[in-house]
Amino acid sequence: MANQLYAWPVTPTGAATQRVSGTSDVAIAESNTRTSVTFQNLGTNEVYIRLDSTAPTQANAHYVLAAPSSDQGGDGGFCSVDGVITAMKVGSGGVAYKLQIVEYVKG
């Protein structure tokens, strides 16, 4: 069976997406069934991603996602990471952010 689509942290039906926002870091739990995860920046500030449970900063981020040209503009930084099952953290160094996270898991 092909990978089913799940949006973190809830299991959606159909093509639902999960967006997180705020000023503090968000932890993504370890998942042995995760095959890949995608991130898209929808806010007006950079977003930092760590592929472990360390608090992300501009200096230590594994990925830095650029802000879109406007709030929810659709052209913000995007990345897809395959094969990571460890816990992760996302954030923006204490400034407001909006991030779409989509997790793909084994079916």
Side-chain angles (χ1 to χ4, degrees):
M1 174 184 251
N3 288 342
Q4 296 175 342
L5 174 63
Y6 290 85
W8 179 86
V10 298
T11 303
T13 57
T17 59
Q18 177 65 32
R19 293 182 180 170
V20 295
S21 61
T23 57
S24 58
D25 299 342
V26 171
I28 301 170
E30 178 178 340
S31 173
N32 290 328
T33 61
R34 182 186 307 123
T35 60
S36 66
V37 62
T38 63
F39 303 94
Q40 183 179 17
N41 188 354
L42 301 174
T44 56
N45 293 304
E46 289 182 339
V47 173
Y48 313 128
I49 300 171
R50 287 283 304 189
L51 300 180
D52 58 27
S53 58
T54 303
T57 67
Q58 186 178 34
N60 74 6
H62 291 116
Y63 298 96
V64 177
L65 302 184
S69 55
S70 63
D71 185 46
Q72 299 186 53
D75 59 346
F78 175 89
C79 82
S80 178
V81 184
D82 295 331
V84 62
I85 61 171
T86 60
M88 296 175 269
K89 272 200 175 171
V90 298
S92 63
V95 297
Y97 68 95
K98 293 179 188 172
L99 183 68
Q100 179 172 297
I101 304 171
V102 179
E103 183 176 43
Y104 298 85
V105 297
K106 297 174 186 173

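Values in this document were obtained by computation on a predicted structure and should not be read as measured data. Heavy-atom basis, side chains included; hydrogens, waters and symmetry copies ignored.
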How long is the gap from CG on Asp71 to NZ on Lys98, to the nearest 0.5 Å? 3.5 Å
Least distance between heavy atoms, Gly76 atom then Pro68 atom: N-CB, 3.4 Å
Spatial distance of atom CG (Leu42) from atom CD (Gln72) [nearest 0.5 Å]: 6.0 Å
Do Leu99 and Val84 share a hydrophobic cluster, counting only Ile, Leu, Val, Met, Phe, Trp and Tyr and linking them when any side-chain heavy atoms are less than 4.5 Å apart? yes
Count I, L, V, M, F, W, Y as connected when their side-chain heavy atoms are under 4.5 Å apart, and connections chain through other members. Are Tyr48 and Tyr63 then in the same cluster? no
Nearest 0.5 Å, what's the NZ-CD1 distance between Lys89 and Ile28? 11.0 Å
Verdict with reasoning, Phe39 to Ile49, per side chain to side chain contact (heavy atoms under 4.5 Å, CB included): CA-CA 9 Å; Phe39 303 94; Ile49 300 171; 3.5 Å; yes
In the single-linkage hydrophobic clustering (I, L, V, M, F, W, Y; side-chain heavy atoms under 4.5 Å), do Phe78 and Tyr104 co-cluster? no
Could you tell me whether a side-chain N or O of Asp25 sits under 3.5 Å from a main-chain N or O of Ala55, the two making a donor and an acceptor? no
Hey, does the side chain of Tyr97 reach the backbone of Ser24 with a donor-acceptor pair shorter than 3.5 angstrom? yes
Tell me, please, which residues at least two apart from Thr23 pass side-chain hydrogen bond (donor to acceptor under 3.5 Å, both in side chains). none
Checking the side chain of Thr86 only, and the main-chain atoms of Leu51 only, is there a donor and an acceptor separated by less than 3.5 Å? yes
Is it the case that one hydrophobic cluster holds both Met88 and Ile101, taking links as side-chain heavy atoms less than 4.5 Å apart, direct or via other members? yes
Closest approach of Gly43 to Ala67 (non-hydrogen atoms, all atoms of both residues): O-CB, 3.7 Å
Has Arg34 got a side-chain atom pairing as donor or acceptor with Glu103's backbone, closer than 3.5 angstrom? no
Give the cluster check for Val26 versus Val37: same hydrophobic cluster or not, with ILVMFWY residues linked at side-chain heavy-atom distances below 4.5 Å. yes
Whether Gln40 side chain and Gly74 backbone form a donor-acceptor pair below 3.5 Å: yes
Between Asn41 (side chain) and Leu65 (backbone), is there a donor-acceptor pair under 3.5 Å? yes
